[in-house]
> 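Dumping the structure here so I can ask a few things about it.
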Amino acid sequence: MKLGFIGTGALTSAIVTGLKSDPDNSMSVVLSPRNEDIAASLASRYRDVRVAPDNQAVLDACDTVMLAVRPQLAHDVLPELRFRRDHHVVSLIATLSRETIAALTAPAGQVTKALPMPMVAHRQGATIMCPPDPGMAALFGGLGKVIEVENSSEFDALSVATATFATHFTYLDTIHRWLEDHGVAKPQARDYVASLFKALAAAPETNPDADFMHLAEEYATRGGINEQVLRALTEHRVFDVFSGSLDDVHRRISAS
Ligand SMILES: NC(=O)c1ccc[n+]([C@@H]2O[C@H](COP(=O)([O-])OP(=O)(O)OC[C@H]3O[C@@H](n4cnc5c(N)ncnc54)[C@H](OP(=O)(O)O)[C@@H]3O)[C@@H](O)[C@H]2O)c1
């Protein structure tokens, strides 16, 4: 596979870093020249990575091209490029549908949507893909877990889960700040919260048959302090509001 990227920003940097952190990976990678600093830095770090003079030169040099520009730019940038029938286009552009990308990259013969997350730089997390494709599954499988789905509605629903990361850290920050307000030194409070939640994050993998509510119930001893906090948040409809916000994100993603 000769892999190219149109758009060399945060996500491209994460993917290339993840791929090339495998010492056996000798895949040829061609980057578009923007962002200049990120492209130059990646090319200087890895032997098989080079920067093309322009976007068209990326396409001309590769058979598989990942689209990693901001969505608003795609409509300006892609129609100016000459795609080939034998190009496999892999769109990482979260908010543009596969149909829209296919129209913008015609006559490219194959269009896949994929949603890796920045943690692929450390070969962690998961990438969702639609439709399934063995070659791309192998590539993203080297960067963490891959979830392949047949239809775009399932892909869109899964992508909603990625809208919750900031909320997750705000939840941890609430605990951290509360500990500080109650006299715990900042580094100790941080260490404690980080260690506890690292262990909790591993629970679904160590208990593969338990659903999430089952894991919650294991901690929510009747009359105990976990049950108290869970009940307070439930009574204040915090989880209903949270679920409603996922509906709102879903509507936004589905409409694009
Ligand atoms: N970051 C994430 O967590 C994430 C996760 C999933 C999907 N995505 C999707 O991935 C895409 C890229 O996201 P990102 O976070 O990597 O954005 P980003 O850091 O802003 O990278 C986009 C890059 O595109 C470059 N660019 C601007 N004009 C260009 C042109 N005419 N031709 C080629 N490249 C051009 C920009 O260069 P300059 O800096 O020089 O302007 C920038 O480096 C987005 O569509 C986003 O929806 C991102």
Side-chain angles (χ1 to χ4, degrees), residues 14 18 92 94-95 98 112-134 136-179 189-255:
L92 312 178
T95 53
R98 191 164 157 253
T112 302
K113 263 198 86 165
L115 195 64
M117 289 288 119
M119 51 274 222
V120 294
H122 310 290
R123 298 203 267 167
Q124 289 176 355
T127 297
I128 50 177
M129 271 180 52
C130 178
D133 175 77
M136 275 305 113
L139 186 149
F140 285 116
L143 301 175
K145 203 176 256 308
V146 178
I147 311 279
E148 296 181 87
V149 295
E150 293 282 354
N151 64 65
S152 55
S153 63
E154 213 177 341
F155 184 95
D156 287 350
L158 282 165
S159 66
V160 171
T162 67
T164 61
F165 300 166
T167 304
H168 171 75
F169 286 115
T170 306
Y171 175 81
L172 300 190
D173 180 65
T174 305
I175 303 169
H176 183 226
R177 273 187 296 114
W178 189 93
L179 291 173
R190 191 183 187 284
D191 270 1
Y192 190 54
V193 172
S195 302
L196 287 181
F197 282 87
K198 183 178 175 193
L200 288 177
E205 220 164 14
T206 47
N207 301 275
D209 298 328
D211 61 29
F212 293 115
M213 212 50 220
H214 177 84
L215 296 173
E217 281 159 8
E218 276 194 351
Y219 284 100
T221 314
R222 194 181 289 262
I225 58 176
N226 268 271
E227 188 202 44
Q228 182 178 344
V229 173
L230 180 59
R231 193 176 53 239
L233 296 187
T234 305
E235 283 174 4
H236 282 86
R237 306 182 65 81
V238 169
F239 300 109
D240 293 337
V241 172
F242 185 42
S243 186
S245 74
L246 301 183
D247 289 338
D248 292 341
V249 172
H250 191 213
R251 270 189 286 280
R252 182 172 159 195
I253 287 176
S254 306

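Please read all numbers here as calculations on a predicted model, not as lab measurements. What's counted below: heavy atoms across the whole structure, side chains too, no hydrogens, waters or symmetry copies.
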> How many angstroms lie between atom CD of Glu227 and atom CD1 of Ile225, to the nearest 0.5 angstrom?
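Here the interatomic distance stands at 11.5 Å.
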
> Restricting to side chain to side chain contact (heavy atoms under 4.5 Å, CB included), what partner residues turn up for Arg252, sequence neighbours left out?
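Not a single residue meets the side chain to side chain contact (heavy atoms under 4.5 Å, CB included) criterion with Arg252.
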
> Go through the structure and list residues passing salt bridge (charged side-chain N to carboxylate O under 4.0 Å, His left out) with Asp248, not counting sequence neighbours.
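For Asp248 the salt bridge (charged side-chain N to carboxylate O under 4.0 Å, His left out) partners, ignoring immediate neighbours, are Arg251.
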
> Indicate the atoms forming the closest heavy-atom contact of Arg98 with Cys130, along with that distance.
CD-O, 3.8 Å

> Please name all residues satisfying side chain to side chain contact (heavy atoms under 4.5 Å, CB included) with Leu172, sequence neighbours left out, ordered by chain then number.
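Once residues adjacent in sequence are excluded, the partners of Leu172 under the side chain to side chain contact (heavy atoms under 4.5 Å, CB included) criterion are His168, Phe169, Val193, Phe197.
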
> Sequence neighbours left out, what passes salt bridge (charged side-chain N to carboxylate O under 4.0 Å, His left out) with Arg237? Give chain and number order.
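Per chain and number, Arg237 pairs via salt bridge (charged side-chain N to carboxylate O under 4.0 Å, His left out) with Asp240.
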
> How would you list, by chain and number, every residue that makes a side chain to side chain contact (heavy atoms under 4.5 Å, CB included) with Tyr192, sequence neighbours excluded?
Leu196

> Which atoms form the tightest heavy-atom contact between Phe140 and Val146, and what is the distance?
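Where Phe140 meets Val146 most closely, the heavy atoms are C-CG2, 3.5 Å.
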
> Sequence neighbours excluded, which residues qualify as side chain to side chain contact (heavy atoms under 4.5 Å, CB included) partners of Phe239?
Leu230, Leu233, Thr234

> Restricting to non-hydrogen atoms, name the atom on Asn226 and the atom on Tyr219 that form the minimum distance, rounded to 0.1 Å.
CB-O, 3.3 Å

> Looking at residues at least two apart in the chain, or sitting in another chain, which of them share a salt bridge (charged side-chain N to carboxylate O under 4.0 Å, His left out) with Glu218?
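For Glu218 there are no salt bridge (charged side-chain N to carboxylate O under 4.0 Å, His left out) partners, ignoring immediate neighbours.
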
> If the condition is salt bridge (charged side-chain N to carboxylate O under 4.0 Å, His left out), which residues does Arg177 pass it with, not counting sequence neighbours?
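With neighbours one apart ignored, the set is Asp173.
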
> Distance-only criterion, 3.5 Å: show the donor-acceptor pairs between side-chain atoms of residues 113-124 and protein atoms not counting sequence neighbours.
unit_1 : atom_1 : unit_2 : atom_2 : d
Lys113 : NZ     : Ala94  : O      : 3.2
Lys113 : NZ     : Leu96  : O      : 2.9
Arg123 : NE     : Ser21  : OG     : 3.2

> Considering all heavy atoms of both residues, which atom of Pro204 and which atom of Ala201 are nearest to each other, and what is their separation?
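The pair with the smallest heavy-atom distance is CD-O, 3.3 Å.
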
> Once side chain to side chain donor-acceptor pair (under 3.5 Å) is applied, what residue pairs with a partner in residues 137-161 remain, sequence neighbours excluded?
Asn151-Ser153

> Sequence neighbours left out, what pairs pass side chain to side chain donor-acceptor pair (under 3.5 Å) with at least one residue falling in residues 194-213?
none

> State, to 0.1 Å, how close Phe155 and Ile128 come at their nearest heavy-atom pair, and which atoms those are.
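Closest approach of Phe155 to Ile128: CE1-O, 3.5 Å.
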
> Is the backbone of Leu246 close enough, under 3.5 Å, to the side chain of His250 for a donor and an acceptor to pair up by distance?
no

> Looking only at heavy atoms, what is the nearest atom pair of Thr112 and Met129, with distance?
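Reported closest heavy-atom pair: CG2-CE, 4.2 Å.
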
> Do Ile253 and Val160 touch side chain to side chain, with heavy atoms closer than 4.5 Å?
yes

